Amino acid sequence: VTPRFGVFRREGEPARVGALVEGRVVDMAAAARAGRLTGVPDAGAVFSAESLNPFMALGREAWSACLERLPELDATLALDEVEPLLPIEVADYVDFYSSRHHAENAGRIFRPDADEPLPPNWRSLPVGYHGRAGTVVPSGTPIVRPQGQLRGGGGPEHGPTRALDIELELGFVIGSPSRRGQPVGVGEALEHVFGLVLLNDWSARDIQAWETVPLGPFLGKSFATSIGAWVTPLEPLLDRRVPGEVQAPPPLDYLRTEPLVFDLGLEVSLNGATVARTNARHLYWTVEQQIAHLTANGASLRTGDLLGSGTISGPEREERGCFLELSWNGAEPFELPGGGTRTYLEDGDEVVLSGEGLAEVRGVVQPAVNT
Ligand code: CA
């Protein structure tokens, strides 16, 4: 079982770092005080912090040392004894668009008359945009239906979204920072990655459709992004990688590598019933390439940066990682396993993302705030 790191609180006690091992929690702050984490510099302070950032900033050697110690430590706390908090202090949040099947389906939905569903740049670079770090929330946080400007029959209107959606994504968490002005090479990019989370990039498709030209997603995405409460370190997942799709045409030199993708089964459930099953191997661009591209202009990585992969969809209908695709933007309501059909999310709906080796991401939709 892959260990995971998070931050938790117990009633009347300060928040601190924990490790989730086989369903129980190691109190890492207590282990550090007891001198059991000798390979980790300044372990007492690092594991008494209210986020994983000080630990993540230490770099690969300290992460490996900690993983080596972990089997010797006692998991003294049951999972239901602790309240997991947001595990990282999110620095910058970047959302990519790296699944070919998702990008092609979106192209077919929004540009049905185009010969080629992918935008002209899509096979040349990992398309992305900078998102809103301050609204990243941990699993379990309720999601209030956002309001915004929508295209109405008689002109723009303001009101609650009628097309609230999810996006099933992998989130890569940056540990070691990079230096501004110095691009990170594709071959060294993984050295900066601390770990992985599942990520639900909640989206209001009608707000997004109206606002998105010409600068890209804005308020249709920025109201909430949910991540798992426990971060899975990269190291134990490296042997889950398999060759990815052959990239044709070959990308430019700074992006060129043998693409390896994570073979991790993923699921979306709605009110307890599975509505999509896919796999992280359906990503075309790898996190190494995303990092190399993100830093190619000299922009730097910070500890706590969160890189969303983009919605992960496979080739089959049941492998689509968002309701936009599952319902073809509302035109083809999809069947729910328990009966009935659905296009977009309704108030009271609960969505759970789950994946092999990764903590689940849960969220309930609450009605729009009365204004
Ligand atoms: Ca997204």
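Throughout, numbering of the chain's residues begins at 1 and tracks the sequence. Read the numbers this way: they start at 1 and go in the same order the structure lists the ligands and their atoms. Because only heavy atoms are used, hydrogens play no part in the values below, and waters and symmetry mates are left out as well, while side chains stay in. Source: prediction; values computed, not measured.
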Inset, instruction - Have a look at the Ca ion (ligand 1) and estimate, to 10 degrees, the angle subtended by OE2 (E169) and OD2 (D201). - result: 100°
Legend entry - Side chain to side chain, E325 and R108, heavy atoms closer than 4.5 Å: no
Inset, instruction - Give me the other members of the hydrophobic cluster that L252 sits in, counting Ile, Leu, Val, Met, Phe, Trp and Tyr linked by side-chain heavy atoms under 4.5 Å, directly or via other members. - result: Y97, L118, W122, L125, V127, Y254, L255, Y284, W285
Donor-acceptor contacts under 3.5 Å from residues 223-234 side chains, at least two apart:
unit_1, atom_1, unit_2, atom_2, d
S226, OG, W202, NE1, 2.7
T232, OG1, G357, O, 2.7

Inset, instruction - Name whichever N, O or S atom of D95 ends up nearest to the Ca ion (ligand 1). - result: OD2
Inset, instruction - Restricting to N/O/S, name the atom of E167 that gets closest to the Ca ion (ligand 1). - result: OE1
Inset, instruction - Measure the acute angle between the ring planes of F55 and F47, then classify it against the limits of 30° and 60° as parallel, tilted or perpendicular. - result: tilted
